[in-house]
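Worksheet for the structure shown next.
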Amino acid sequence: RATFERLSALGKLLHQQVERIRSTSSTVDRVAERVTETAQRVYRFVGESETLRARRVDLEASEVLRVHSGNAVVTADELVKLDGAQIHMG
């Protein structure tokens, strides 16, 4: 019974809203079946490189999607499709 009461108190503590969390680590590994994040704004700064490997990636912006680089490469084994009322190149 004492263990249950301690777990219940811990659950109440974890359920409270957190004002700010700051974590500093050299390595973070996360393995999950599903991860869901909801936020008004997300800022991520990566010093060297970022890699995403997925079977399918879907990016959707209700207003503007901007991709900018010094050089950009888009490749596909079969089809590359651009669809829009106007397409400006150059």
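For this chain, numbers begin at 1 and follow the sequence in order. Quick caveat, the model's predicted, so the values are computed rather than measured.
- Scanning for side-chain hydrogen bond (donor to acceptor under 3.5 Å, both in side chains) contacts around Glu50 gives Arg44, with sequence neighbours left out.
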Does the side chain to side chain contact (heavy atoms under 4.5 Å, CB included) test come out yes or no for Leu65 and Glu60, once each step is laid out?
CA-CA 8 Å; Leu65 174 65; Glu60 182 177 329; over 6 Å; no
Verdict with supporting geometry, Val35 and Arg30, side chain to side chain contact (heavy atoms under 4.5 Å, CB included)
CA-CA 10 Å; Val35 176; Arg30 181 169 56 175; 3.9 Å; yes
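- Here the side chain of Ser69 pairs a donor or acceptor atom with the backbone of Asn71 at under 3.5 angstrom.
- Here the straight-line distance linking atom CZ of Arg34 with atom OG1 of Thr36 works out to 4.0 Å at 0.5 Å rounding.
- When all heavy atoms of Ile87 and Asp83 are compared, the closest pair comes out as CD1-N, 4.3 Å.
- In summary, the side chains of Thr51 and Arg53 do not present any donor paired with an acceptor at a separation below 3.5 Å, with no hydrogens or angles considered.
- The two residues Ala54 and Val57 make their nearest non-hydrogen contact at CB-CG2, 3.9 Å.
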